[in-house]
*Asks:* 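Dropping the structure in here first, questions after.
Keep in mind it's a predicted model, so treat the numbers as computed, not measured. Reminder, nothing fancy here: chain letters follow the sequence lines and each chain counts from 1.
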Amino acid sequence: MSAGVGVDLENLWIRFGDFVAVRDANVKINGGDFFSFLGPSGCGKTTILRAVSGFLEPSEGNVLIGGNNMRGIGPNKRPTALIFQNLALFPLMKVWENITFSMEIKGASAKERRKRADELLDMIALPGQGDKLPSELSGGQRQRVAIARALCAEPDVLLLDEPLSALDLKLRQHMRTELREIQQRVGITFIYITHDQGEALTMSDNIAVMKAGVIDQIADGKTIYNDPATAFAASFVGENNVFRGKVKRIMGDEALISTNRSGDLVARISSANQGKMAEGDDAMMFIRPEAFALAPNGATGDHFITARVNHEEFEGNVFNIFMEGEGGKELKVSIPNLGQSFEDHTGQNITLEYETQNAVAVPAGELAAE
Amino acid sequence: MPSFLKEFFKRNGVGMGSLMLGLVLFWTIGLIILPQLSMLDFSFRPNLPPPEIGGPKDVYTLENYKYLIFGPEGGSQDYNAVDLRVFFRTLVAAVCVTVFNLIFCYPIAYYLAQTKGNHIRIFALMLIIPYWINEILRAFALRIIFGETGVLNNLFVGLGIFDTPFDFIRNDIALYAGLGYAYILLMIFPIYNVIESLDRNQIEAARDMGASWPMIHRRVVIPYAKPGISSGCTMVFMLSAGALAAPQILGGPSSLWFTQLIYQQFNDNSDWPQGAAYAVVLLVTCILLVLAIMRLFKVNMGDIGK
């Protein structure tokens with residue numbers, strides 16, 4: 001699937017007056033990839049998308065599509081198609097006219113357009129709906145019409161700006177699978193903007209995690225989840241428990257962290273930070289809720305944590321235990337429900353253990369807002 | 001009592017509801033429908049001296065309408081060529097003023113609606129403030145600008161573009177400019193209102209798919225703005241066909257506006273029935289023309305009110 005057209009961002013800066021929306025972004029997106037920009041709202045991910053689609057000229061740096069510098073080339077001349085957050089279907093045009101608008105621009109005959117519209121309607125599983133108005137379709141159907149409309153232009157790169165955010169949860173999850181399938185079928189590069197880590201993780205080949213205009217990490221989903229490069233990436237992608245402290249000792253690719261509350265704990269230094277952390281540095285350690293196991297009471301050591309249980313809840317697939325953590329934030333532990341009996345620990349001190357490889361140490365940094 | 005009335009009184013209370021309803025009925029019936037009906041009644045009666053009104057000669061007749069078409073009985077011509085020519089010239093000129101206004105105002109309305117920022121408010125204010133000035137004063141100001149020794153002629157002759165002053169007034173340019181200017185706001189604001197609610201993403205989506213600006217306007221913006229455009233055009237057409245002050249002040253000596261004929265009948269000839277008949281013909285023709293054009297462009301009556 002490397003036949004697609006790649007997109008490169010080189011030293012990209014985008015400023016609005018004094019405000020820096022994107023700071024020195026360097027991204028290489030392989031042709032045929034499903035690539036996501038993941039970050040909270042206002043982090044500059046939509047700005048990057050607008051720079052790729054051509055609605056915005058970067059203040060510095062270049063956008064390359066298929067190796068060609070796009071500077072000075074307007075959005076109507078770029079080989080990209082953009083799917084807007086609100087879809088922006090034309091309300092007064094029928095579905096088939098919407099889908100084939102790009103052909104109408106090029107002067108294709110109505111007959112040709114109708115034929116192509118029917119093909120695309122078959123592809124998005126909406127056969128025979130071409131004569132409806134967009135307002136007569138459901139949210140998910142409109143979504144698919146927007147995709148068909150973008151694909152009809154036969155773009156090299158499809159840009160998607162949080163297109164699923166308006167859908168309800170079930171439909172959103174269904175559309176994830178569908179989007180991924182469409183992408184693999186047409187084989188073109190998809191650039192996807194989202195603040196939903198679930199969407200990014202399930203669909204993407206590669207993900208760029210963004211915070212306040214800066215790209216923190218670019219990697220595949222597994223790496224970002226298991227081996228985050230920064231405190232922000234660790235706390236933004238998935239649930240995570242944070243332990244603050246200082247590096248006490250470096251032992252190869254592991255570090256002993258003297259945490260503020262839970263004593264000395266051992267953690268693996270994340271790949272991106274190996275060799276970059278030194279003794280005495282402020283550090284953060286992250287352990288996922290599912291990486292803990294209940295340990296016999298009273299055990300101590302560098303991979304045991306003891307704390308008081310505030311409350312517990314049963315979520316179906318897991319039992320969640322919320323324990324006193326540091327800084328008023330609770331420590332969350334999820335024990336898989338395998339049908340075992342589960343006693344209530346509320347008010348007790350319990351001890352948890354984890355494996356070193358499941359605890360990740362990164363330099364102290366800004367955490368994602370809740 | 002029909003349920004919508006009950007609902008109306010329930011929501012507003014009997015006192016306030018009756019007051020509002022009374023005012024609306026007074027406005028529509030007392031100030032619009034009744035005067036128009038009496039005008040219609042006038043138009044079918046002969047012009048009699050006061051003592052004979054209500055007498056045996058006061059019967060309904062089509063005489064006043066006949067006069068517009070055939071002229072005075074026993075006249076030298078088969079048709080009332082003078083008045084008919086004025087009538088059709090007025091309609092054609094009103095259509096021209098409307099089209100010109102639309103071409104001129106659409107870009108302004110689009111720009112106002114799609115641009116953000118404080119300067120837009122200043123721009124809108126600059127459009128509105130001249131309308132604080134009396135219509136007649138504005139017309140005279142235009143006469144000064146367009147006159148033989150006016151600002152424009154001084155400028156053009158001074159720059160050497162014209163050898164001799166150009167008679168803007170005799171050539172009706174002043175009249176069209178005056179009529180066009182008088183109703184600019186009535187064209188701009190309905191279009192502005194509609195375009196302002198157009199999702200910018202639609203324009204960007206069209207652009208992203210490769211559409212040129214003319215294409216975007218033809219396929220996306222204008223279809224969306226159609227209710228505003230028809231509302232603006234209707235008002236401008238109706239008002240320019242019925243304008244009196246601007247033709248009176250800015251019209252050339254040889255060109256009469258149909259409203260001036262009506263005015264003459266009422267005022268100079270004291271022939272109210274004749275004037276009423278002319279007014280009714282103008283009103284009905286304008287309404288039919290507007291309805292026909294709305295049908296041609298597939299605009300619904302309900303859209304106009306948007």
*Asks:* Quick one: which of Arg149(A), Glu97(A), Lys106(A) has the most heavy-atom pairs under 4.5 Å with chain B, could you say?
*Replies:*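 Of the candidates given, the most pairs with chain B belong to Arg149(A).
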*Asks:* Might you point out which heavy atoms bring Gln202(B) and Pro91(A) nearest each other, and give the distance in Å?
*Replies:*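 Closest approach of Gln202(B) to Pro91(A), heavy atoms only: NE2-CD, 3.1 Å.
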*Asks:* Name the member of Ala153(A), Gly54(A), Ala81(A) that forms the most heavy-atom pairs with chain B at distances under 4.5 Å.
*Replies:*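 Counting heavy-atom pairs under 4.5 Å, the top option is Ala81(A).
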*Asks:* CZ/Phe84(A) to CD/Glu204(B) distance, rounded to the nearest 0.5 angstrom?
*Replies:*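 CD of Glu204(B) is found 5.0 Å from CZ of Phe84(A).
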*Asks:* Under 4.5 Å heavy-atom distance to chain B, tell me which part of Leu92(A) shows up: side chain, backbone, both or neither.
*Replies:*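 Contact with chain B is through the side chain of Leu92(A) alone.
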*Asks:* May I ask you to name which of Leu82(A), Ile83(A), Leu87(A) has the most heavy-atom pairs under 4.5 Å with chain B?
*Replies:*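 Result: the option with the highest number of such pairs is Leu82(A).
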*Asks:* Using non-hydrogen atoms only, which part of Glu104(A) is less than 4.5 Å away from chain B: side chain, backbone, both, or neither?
*Replies:*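 Interface part for Glu104(A): both.
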*Asks:* If you draw a 6.0 Å radius around CZ in Phe104(B), do more than 12 non-hydrogen atoms from other residues or ligands fall strictly inside?
*Replies:*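 Incorrect, the count does not exceed 12.
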*Asks:* Non-hydrogen contacts under 4.5 angstrom with chain A: give the residues of residues 206-216 of chain B involved, or none if there are none.
*Replies:*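 Within residues 206-216 of chain B, near chain A: Ala206(B), Arg207(B), Asp208(B), Met209(B), Gly210(B), Ala211(B), Met215(B).
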*Asks:* Go through the atoms of Phe90(A) and report whether side chain, backbone, both or neither lie under 4.5 Å from a heavy atom of chain B.
*Replies:*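 Both parts, heavy atoms under 4.5 Å.
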*Asks:* Is it the side chain or the backbone of Leu159(A) that comes within 4.5 Å of chain B heavy atoms, both, or neither?
*Replies:*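 Looking at Leu159(A), nothing touches chain B.
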*Asks:* Please state whether the side chain, the backbone, both or neither of Arg219(B) comes within less than 4.5 Å of a heavy atom of chain A.
*Replies:*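 For Arg219(B), the contact with chain A is made by backbone and side chain together.
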*Asks:* Are more than 12 heavy atoms, taken from residues, nucleotides or ligands other than Lys111(A), located less than 6.0 Å from that residue's NZ atom?
*Replies:*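 No, the 6.0 Å shell around NZ holds no more than 12 heavy atoms from other groups.
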*Asks:* Does Phe100(B) CZ have over 12 foreign heavy atoms under 6.0 Å away?
*Replies:*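 It does not: Phe100(B) CZ has 12 such atoms or fewer within range.
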*Asks:* Can you tell me if CD on Glu7(B) sees more than 12 non-hydrogen neighbours from other groups inside 6.0 Å?
*Replies:*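 More than 12 within 6.0 Å, yes.
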